[in-house]
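In this chain, numbering begins with 1 at the start of the sequence shown.
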Amino acid sequence: MTSESINRSEAEKRLWNEFGGHRTVMLGLDGGDAHFQPMTAFAEPDSGTIWFYARADGDLARHAGGGQAATMILQTKDLHACLDGQLSVQADRARIDKYWSPVVAAWYPEGKDDPNLTMLRLDAADAQLWITEAGPVKFMWEIVKANATKSTPDLGERTDISLH
């Protein structure tokens with residue numbers, strides 16, 4: 001992968017668009033206070049904020065408190081992203097109502113008033129993205145070419161972006 005060669009604004013736009021079709025991410029706190037966990041992400045690109053439903057008695061909520069450094073990993077077919085920022089617990093009723101669905105309800109038997117329901121807010125600061133447009137044919141071609149020429153495959157591009 002090449003480094004720093006894609007347009008940063010296009011990369012950022014691509015990142016936020018990925019949340020529309022792929023919400024499952026891995027979220028964890030820096031420093032090992034809680035293992036990375038699969039979470040459903042609700043992105044708000046205008047503010048650089050990503051929201052998650054969480055159990056108030058769960059590892060992430062207990063250790064994040066008023067704010068702690070966190071990392072979120074998003075992987076889709078053509079994009080791999082690592083976002084860093086501050087994770088905090090915010091029982092934001094407006095967000096609870098906004099993103100509520102039957103899938104979310106399945107995890108909280110007492111509904112929106114479940115005492116264990118809270119929201120986690122990730123204020124994303126920066127991200128590193130790897131974007132590839134290589135399908136299986138290009139992938140195989142690049143592998144064969146790399147082995148034949150003693151070079152590395154060119155399967156996409158990498159960039160760093162600031163999200164604030």
Side-chain angles (χ1 to χ4, degrees), residues 1 3-4 6-133 156-164:
M1 298 219 169
S3 177
E4 305 293 330
I6 58 177
N7 178 297
R8 285 192 173 105
S9 66
E10 286 300 314
E12 183 174 353
K13 181 178 178 182
R14 173 87 180 262
L15 170 66
W16 293 117
N17 285 341
E18 289 294 333
F19 285 101
H22 189 89
R23 294 195 187 281
T24 304
V25 301
M26 292 297 286
L27 179 66
L29 298 172
D30 296 354
D33 287 331
H35 284 283
F36 276 76
Q37 301 173 26
M39 301 289 285
T40 302
F42 299 92
E44 296 180 355
D46 292 341
S47 63
T49 306
I50 305 165
W51 293 88
F52 308 89
Y53 288 93
R55 292 188 56 83
D57 59 353
D59 288 347
L60 289 174
R62 282 185 299 127
H63 294 290
Q68 181 158 336
T71 300
M72 187 198 83
I73 307 294
L74 169 68
Q75 290 186 294
T76 67
K77 179 181 170 223
D78 300 329
L79 179 129
H80 304 274
C82 178
L83 286 79
D84 292 322
Q86 282 293 117
L87 187 69
S88 59
V89 177
Q90 293 190 6
D92 186 313
R93 185 59 187 227
R95 293 315 188 296
I96 290 171
D97 291 341
K98 181 177 183 177
Y99 299 120
W100 193 258
S101 72
V103 174
V104 173
W107 297 100
Y108 300 96
E110 295 181 45
K112 295 177 188 178
D113 295 318
D114 192 308
N116 278 312
L117 171 62
T118 194
M119 298 294 286
L120 299 177
R121 174 185 171 145
L122 178 65
D123 292 303
D126 56 65
Q128 190 167 81
L129 280 68
W130 293 264
I131 299 173
T132 180
E133 302 297 336
E157 301 176 0
R158 191 208 93 210
T159 192
D160 298 314
I161 57 175
S162 175
L163 298 171
H164 51 106

Identify, with sequence neighbours excluded, every residue that meets side-chain contact (heavy atoms from CB on, under 4.5 Å) alongside [X].
| X | answer |
| --- | --- |
| Ala69 | Asp30, Gln86 |
| Glu10 | Asn7, Lys13 |
| Ala61 | Val89, Thr118, Leu120 |

Legend entry - Backbone N/O of Ala41 and side chain of Tyr99: donor-acceptor pair under 3.5 Å: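 Pair absent, no side-chain N/O of Tyr99 close to backbone of Ala41.
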Of the non-hydrogen atoms in [X] and [Y], which two are nearest, and what is the gap between them?
| X | Y | answer |
| --- | --- | --- |
| Leu122 | Ala70 | CD1-CB, 4.1 Å |
| Arg14 | Asp78 | NH2-CB, 3.2 Å |
| Thr71 | Phe36 | O-CE2, 3.3 Å |
| Leu163 | Ile161 | CD2-CD1, 3.7 Å |
| Leu29 | Ala64 | CD1-N, 3.9 Å |

Legend entry - Atom pair CE/CE of Met72 and Met39 - distance to nearest 0.5 Å: 11.5 Å
[X]: which residues meet the salt bridge (Lys or Arg N to Asp or Glu O under 4.0 Å) condition with it, sequence neighbours left out?
| X | value |
| --- | --- |
| Glu12 | none |
| Arg93 | Asp97, Asp113 |
| Asp123 | Arg121 |
| Arg95 | Glu44, Asp92 |

Legend entry - Sequence neighbours excluded, every pair satisfying salt bridge (Lys or Arg N to Asp or Glu O under 4.0 Å) that has a member inside residues 49-58: Arg55-Asp57
Sub-4.5 Å side-chain heavy-atom contact between [X] and [Y]:
| X | Y | result |
| --- | --- | --- |
| Thr40 | Tyr53 | no |
| Met119 | Phe52 | no |
| Leu83 | Val25 | no |
| Leu15 | Leu74 | yes |

Solution key, residues 102-111 side-chain donor-acceptor pairs under 3.5 Å, sequence neighbours excluded:
from, atom 1, to, atom 2, distance (Å)
Tyr108, OH, Ala54, N, 3.3
Tyr108, OH, Ala54, O, 3.3

Inset, instruction - Using side-chain hydrogen bond (donor to acceptor under 3.5 Å, both in side chains) as the criterion, list what pairs up with Thr24, not counting sequence neighbours. - result: none
Legend entry - Those residues that, when tested against Asp126, pass side-chain hydrogen bond (donor to acceptor under 3.5 Å, both in side chains) (two or more places apart):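 Per chain and number, Asp126 pairs via side-chain hydrogen bond (donor to acceptor under 3.5 Å, both in side chains) with no residue.
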Legend entry - Qualifying residue for side-chain contact (heavy atoms from CB on, under 4.5 Å) with Cys82, from Asp160, Leu129, Ile73: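 Of the listed options, the one satisfying the test is Ile73.
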